[in-house]
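Take a look at the structure below.
Within every chain, numbering begins at 1; the chains are lettered A, B, ... in the order of the sequence lines, protein sequences first and strands thereafter.
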Amino acid sequence: MPAIDPATLPKHFDAPEAEARWDRVWEEWGVHAWDPARSRDETFVVDTPPPTVSGSLHVGHVFSYTHTDVIVRYRRMRGRNIYYPMGWDDNGVPTERRVQNYFHVRCDPTLPPRGADLAVPTDAERKGPPRLVARADFIELCLSLTRGDEEAFKTLWRRLGLSVDWKEEYSTIDRRCRHLAQLSFRDLFDKGHVYSVEAPFMWDIDFHMAVSQAEVEDRPARGAFHDVAFGVEGGGEFTIATTRPELLPACVGVTAHPDDQRYRPLFGKRAVTPLFHVPIPIFPSEAVDPEKGTGILMVCTFGDATDVAWWRERKLALRQVLGRDGRLVPVAFGSPGWESEDVVAATRSYVELAGKTVHGARQRVVELLREAGALRAEPRPIEHAVKFYEKGDRPLEFITTRQWFVRLLDKKDALLAKGEEIRWHPDFMRLRYRNWTENLGFDWCISRQRYFGVPFPVWYPLDAEGRPDHARPIVAEAAALPVDAMVDVPPGYAPEQRDRPNGFTGESDIFDTWFTSSLTPQISSGWLLDPARHRKLFPADVRPQAHDIIRTWAFYTIAKAMLHEDAIPWRNVVVSGWILDPDRKKMSKSKGNVVTPTHLLDQYTADGVRYWAAGARLGTDTAFDDKVFKVGKRLVTKIFNAGKYVLLQGGTPGPITAELDRAFAYRLRGLVEQVTASFEEFDYAHALQDTESFFWADFTDTFLELVKGRARQGDGSATAALRLGLGVLLRLFAPVLPYITEEVWSWAFAEETGARSIHRAPWPGAADFAGVAAPADPASFDAAVACLAAVNKGKSEASVSGGRVVTRLVAAANPATLDRLRPVAADVMSAARVEGHELRSDAVLADGAFALVEIVFAPVEA
RNA sequence: GGUCGCAUAGCUCAGUUGGUUAGAGCGCCUGCCUCACAUGCAGGAGGCCCCUGGUUCAAGUCCAGGUGCGACCACCA
């Protein structure tokens with residue numbers, strides 16, 4: 001193949017132009033397309049994380065998605081048929097919240113649909129109360145807003161060079177995903193893995209919905225111990241310390257540690273609450289810490305999870321004062337369940353509290369206690385942990401509601417066993433999964449009292465009084481799915497019977513967003529909708545994800561695969577770290593330290609940004625450091641220039657025969673083996689590091705300089721070795737730097753090899769080195785480099801230009817080193833511009849070392 | 001409080017199964033426009049490998065204990 005015409009080469013690498021051009025060409029060539037005809041064995045399936053599109057674009061996205069793409073591009077070059085889809089996680093609370101703010105609306109499911117109004121409200125309108133919109137209209141607003149978000153993500157992904165097969169694009173709210181999620185529910189229902197129950201459970205008073213354990217986080221919060229005096233029937237009193245005095249009317253018991261001498265005499269007696277004068281049992285419990293507070297505490301329905309446990313164990317009364325909106329509901333003291341020894345006083349006190357928020361009621365009840373003389377001390381401020389919904393702003397409450405659950409608590413051992421079948425990268429991440437699974441405290445609550453999500457395919461029959469019979473849910477048959485229970489009618493009923501006595505009512509809840517997201521492997525494979533495809537794509541090969549969602553996404557996906565098919569969803573989990581800001585704090589929108597990715601791409605090019613991302617080992621958090629981007633950009637430039645130089649050599653490639661060239665090929669082959677081994681272990685960071693260091697130190701700064709003389713004379717061995725080096729290095733870089741490598745590849749290698757895209761070119765291996773004889777001594781390369789360095793040092797110390805001609809050089813080395821140098825000495829002298837040299841043997845010198853005895857420079861030309 | 005990870009040059013990080021004098025890039029200093037590249041090239045300075053103890057002929061590397069940083073989980077009386 002002739003050398004390319006210099007005139008056809010661009011002077012500089014125009015990255016934005018190249019990024020746009022190759023994105024188009026790759027699409028046209030189908031470089032990233034999955035071939036459904038090829039077998040499972042040849043296929044590499046990625047269970048791509050569907051990003052939450054209602055969040056902002058973040059460098060963290062760029063970081064972890066690049067890791068996946070690098071892994072994918074390597075496998076593609078290994079000849080695997082890549083299935084690499086992209087989904088958008090658009091359903092769920094973050095979208096609803098964004099829509100509420102963006103359009104200044106709230107959903108009122110009782111309203112009839114009127115058609116969504118997509119107008120953005122004016123500032124004046126924003127000052128007024130939010131517009132109420134029907135459920136269907138609210139959903140339409142959600143869809144319209146997320147569509148734009150998805151476009152923004154897609155633009156970013158394409159620019160970044162993610163080699164996604166865009167034919168396999170989906171969103172978790174689309175019809176297919178709704179269908180699969182409902183099929184999942186139907187399957188779990190048939191297998192007895194789901195149930196609904198009315199019970200106290202964690203509830204967010206702002207979002208008006210139940211939340212699962214996985215979405216709960218503890219946050220430190222300010223609180224105060226309130227010392228409240230309780231009476232004892234038959235005389236006496238004691239003081240409890242509570243942080244939640246507003247729950248005093250909901251108090252249903254008092255407990256202390258069984259060995260606590262202070263309170264032992266009280267067990268079995270009844271206490272009487274202040275203000276409300278309600279008699280309640282006093283019982284012992286091992287769970288009480290005698291050191292905490294006053295060592296005796298009140299049990300309320302419900303202050304926390306232990307209250308729920310005591311309430312169940314002791315079969316205590318239920319006095320729920322907190323409503324779903326977080327305000328105290330009206331109750332009638334004296335009525336059944338609300339017995340009081342002084343109904344008048346109790347009522348007088350409670351009237352002061354009813355309708356107030358937790359916060360307001362707390363302030364008022366403290367005043368009332370103080371007035372009644374029941375407050376033994378002023379509140380003592382403390383800092384304690386409080387449970388919050390991860391996206392919520394106010395503490396969770398335990399409120400009795402009806403919810404659907406997936407039974408998981410009785411399957412911990414099986415879930416743990418499945419986790420052990422999966423390979424985790426890095427391996428210690430499996431402990432996160434194990435830890436979470438072992439400590440699971442609740443079944444999975446999958447019902448959410450929200451609107452934008454996949455509806456439950458469930459109706460309930462109504463009795464003659466119009467009350468739903470929750471014990472006999474009507475679950476849509478698999479063949480009838482997908483359905484919207486609020487629109488569609490269950491079999492055997494007529495539309496007019498909706499919400500009528502002896503008719504039916506639709507389940508208005510939607511699934512927890514993870515209920516759908518946990519099916520991403522099945523969404524890819526089609527599962528029950530396409531069994532043949534399912535066999536080709538399930539289980540996936542690799543699940544890339546972040547470590548903070550091991551307890552949600554990874555855990556639920558493993559659970560679903562197990563419950564549905566007793567399978568594992570993927571063979572490997574690859575866990576990326578976090579991006580930290582330069583102060584080593586986690587980047588987050590709320591902290592205002594987020595760097596947006598688009599300007600990084602503008603400034604450093606896609607390859608430069610990818611270089612930065614690929615430098616981070618799996619599972620390791622990385623500080624944001626713009627110096628690394630600069631290095632990446634420089635590497636791109638260097639590859640461009642080196643490629644240009646190598647391909648401009650006029651010689652015809654011949655057999656690689658020169659000792660230096662063979663020694664170089666030998667080293668290069670070692671690099672290929674090393675880099676390949678790293679990629680096989682998903683260790684792209686070391687693969688890149690080794691390739692980069694070889695490229696710079698062994699290729700451009702040394703080999704390329706050493707063979708320039710011969711290359712200029714058209715030497716076939718030098719020309720071939722340079723091309724071998726460039727062709728191999730380009731491919732080793734290609735997974736990380738797809739644009740520049742494709743660009744340089746296209747100048748000559750595409751035609752020469754028949755692989756028009758480097759990303760479909762075969763990964764370097766033995767075939768590239770066939771016909772290259774082993775060097776007489778691989779260390780001849782080191783000898784050449786060391787000798788050249790010695791001359792360079794002489795020039796540097798004399799402050800002369802590297803191009804300065806040396807008329808006389810006397811260098812010394814030990815005999816073995818000299819032997820290694822001789823076959824390559826001509827290359828060294830040519831590169832160092834030495835016109836006359838003498839090599840002396842000096843046995844004292846260390847092996848491999850060269851000493852400069854004499855160096856004489858040619859006079860500077862006028 | 002439980003679990004896990006990290007700690008090496010001013011900064012960001014490599015350092016394979018223990019094995020000569022601990023490496024790279026950035027930054028810094030000194031030179032050099034040398035015919036691919038000044039987004040470059042050459043040369044150089046710069047390290048109680050967190051601390052203490054142990055195993056070993058030999059420890060940055062293995063073990064134990066500590067310290068610091070980070071993450072995940074738990075902690076509502």
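Put simply, the side chain of A/His547 never gets that close to the backbone of A/Gly619: no donor and acceptor are under 3.5 Å apart. Looking at A/Glu681, its side chain never comes within 3.5 Å of a backbone N or O of A/Ala677 through a donor-acceptor pair. Remark: side-chain polar atoms of A/Thr719 are not paired, donor with acceptor, to backbone N or O of A/Ala711 under 3.5 angstrom. A donor-acceptor distance shorter than 3.5 angstrom exists from the side chain of A/Arg804 to the backbone of A/Ala858, with no hydrogens or angles considered. Side chain of A/Trp424 to backbone of A/Val573: no donor-acceptor contact under 3.5 angstrom is found.
For A/Ser801, whose side chain is taken as the heavy atoms from C-beta onward, the closest listed nucleotide among B/C13, B/A36, B/U34 is B/U34. Counting only heavy atoms from C-beta on, A/Phe428 has its side chain closest to B/C4 among B/C4, B/C13, B/C75. Listed candidates were B/A14, B/U12, B/C76. Nearest to the side chain of A/Asp625 is B/U12. For A/His686, the side-chain atoms get nearest to B/G15 when compared with the rest of B/A74, B/C73, B/G15. Side-chain proximity of A/Arg833 to the nucleotides B/C76, B/C35, B/A74 is greatest for B/C35. For A/Asp218, the listed nucleotide lying nearest its side chain is B/A74; candidates were B/C76, B/A74, B/A36. Checking B/G44, B/C75, B/C41 against the side-chain heavy atoms of A/Ala385 singles out B/C75 as nearest. Across B/C76, B/A74, B/G43, the shortest atom-to-atom separation from the side chain of A/Asp304 is found for B/C76.
Within the 4.0 Å cut-off from OP1 or OP2 of B/G44, at least one side-chain nitrogen or oxygen of A/Lys793 is found. Distances shorter than 4.0 Å separate none of the side-chain N or O atoms of A/Trp578 from OP1 or OP2 on B/G5. Proximity of A/Gln213 to the phosphate of B/A74: a side-chain N or O atom is located under 4.0 Å from OP1 or OP2. Note on A/Lys387: a side-chain N or O is less than 4.0 Å away from OP1 or OP2 of B/C75. The side chain of A/Arg551 places an N or O atom within less than 4.0 Å of a non-bridging phosphate oxygen (OP1 or OP2) of B/C73.
Looking at A/Val828 and A/Leu706, their side chains come closer than 4.5 Å, going by heavy atoms from C-beta outward. In this structure the side chain of A/Thr637 never reaches within 4.5 angstrom of the side chain of A/Phe13, judged on heavy atoms.
Here the P atom of nucleotide B/C32 and the CZ atom of A/Phe857 are 13 Å apart, to the nearest Å. Note: CZ (A/Phe694) to C1' (B/G25) measures 18 Å, nearest angstrom. Atom OH in A/Tyr645 sits roughly 19 Å away from atom P in B/G40 (whole-Å rounding). When the P atom of B/A71 is taken as reference, atom CG of A/Leu431 falls 18 Å away, rounded to whole Å. Summarising the geometry, the separation between CG on A/Leu322 and P on B/C76 is reported as 18 Å, rounded to the nearest angstrom. One interatomic measurement links the two molecules: OH of A/Tyr684 to P of B/A14, which rounds to 12 Å at whole-angstrom precision. Rounded to whole Å, the distance from CG on A/Leu704 to P on B/C35 is 14 Å. One can place CZ of A/Arg723 at 16 Å from P of B/A36, the figure rounded to the nearest angstrom.
One finds no salt bridge joining A/Lys638 and A/Glu692 here, because no Lys/Arg side-chain nitrogen approaches an Asp/Glu carboxylate oxygen to under 4.0 Å.
Look at the C1' atom in both B/A9 and B/A24: the space between them is 11 Å, to the nearest Å. A gap of 12 Å separates the C1' atoms of B/C6 and B/C13, to the nearest Å. Nucleotides B/C37 and B/A42 are separated by 15 Å at their P atoms, to the nearest Å. Between B/U8 and B/G25, the distance separating the two C1' atoms is 15 Å to the nearest Å. When the P atom is used for both B/C28 and B/G65, the distance is 44 Å, rounded to whole Å. For the P atom pair drawn from B/G31 and B/G70, the interatomic distance equals 43 Å after rounding to whole Å. On the P atoms, B/G15 is 42 Å away from B/C76, given to the nearest whole Å. Spacing of C1' atoms, B/A14 relative to B/G53, comes out at 29 Å, to the nearest Å.
A/Ala697 comes within contact range of no nucleotide atom at all, as no heavy-atom separation falls under 4.0 Å. Within 4.0 Å (heavy atoms only), A/Ile382 reaches sugar-phosphate atoms of the nucleic acid but no base atom. Base engagement by A/Gly303 is indicated by at least one non-hydrogen atom pair under 4.0 Å involving a base atom. Using a 4.0 Å heavy-atom cutoff across all strands shown, A/Ile240 reaches no nucleic acid atom at all. When heavy atoms are screened at a 4.0 angstrom cut-off, A/Asp307 is found touching no nucleic acid atom at all. Base contact: A/Val288 has a heavy atom under 4.0 Å from a base atom. As judged by a 4.0 angstrom heavy-atom cut-off over every strand, A/Phe225 is placed among residues touching the sugar-phosphate backbone only.
In secondary-structure terms, RNA chain B builds stems of at least 3 consecutive Watson-Crick or G-U pairs, each pair having both distances under 3.5 Å, at B:1-7 with B:67-73, B:10-13 with B:23-26, B:28-32 with B:40-44, B:50-54 with B:62-66.
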Practice task
Start with the C-alpha distance between A/Tyr389 and A/Trp203, add both sets of side-chain angles, then the distance that settles ring pair (Phe, Tyr, Trp, His ring centres under 6.0 Å), and finish with yes or no.
Solution key: CA-CA 8 Å; A/Tyr389 172 46; A/Trp203 179 268; over 10 Å; no

Handout entry: Working for side-chain hydrogen bond (donor to acceptor under 3.5 Å, both in side chains), residues A/Ser285 and A/Trp310
Key = CA-CA 9 Å; A/Ser285 170; A/Trp310 281 316; 2.8 Å; yes

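Taking CG of A/Leu601 as the reference point, atom CZ of A/Phe629 lies at 9.0 Å (rounded to 0.5 Å). Rounding to the nearest 0.5 Å gives a distance of 5.0 Å between CG of A/Asn814 and CG of A/Asp847.
Residue-to-nucleotide proximity on RNA chain B shows that, of A/Thr620 and A/Asn435, the 5′-proximal contact is made by A/Thr620.
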For nucleotides 37-39 of chain B, print each protein N/O atom paired with a nucleotide N/O atom at under 3.5 Å, atom names and distance only.
from	atom 1	to	atom 2	distance (Å)
B/C37	O2'	A/Asn641	ND2	3.3
B/C37	O2	A/Lys638	NZ	2.9
B/C37	N3	A/Lys638	NZ	3.0
B/U39	O2	A/Thr637	OG1	2.7

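When ring centroids are compared, A/Phe302 and A/Phe398 stay outside the 6.0 Å threshold.
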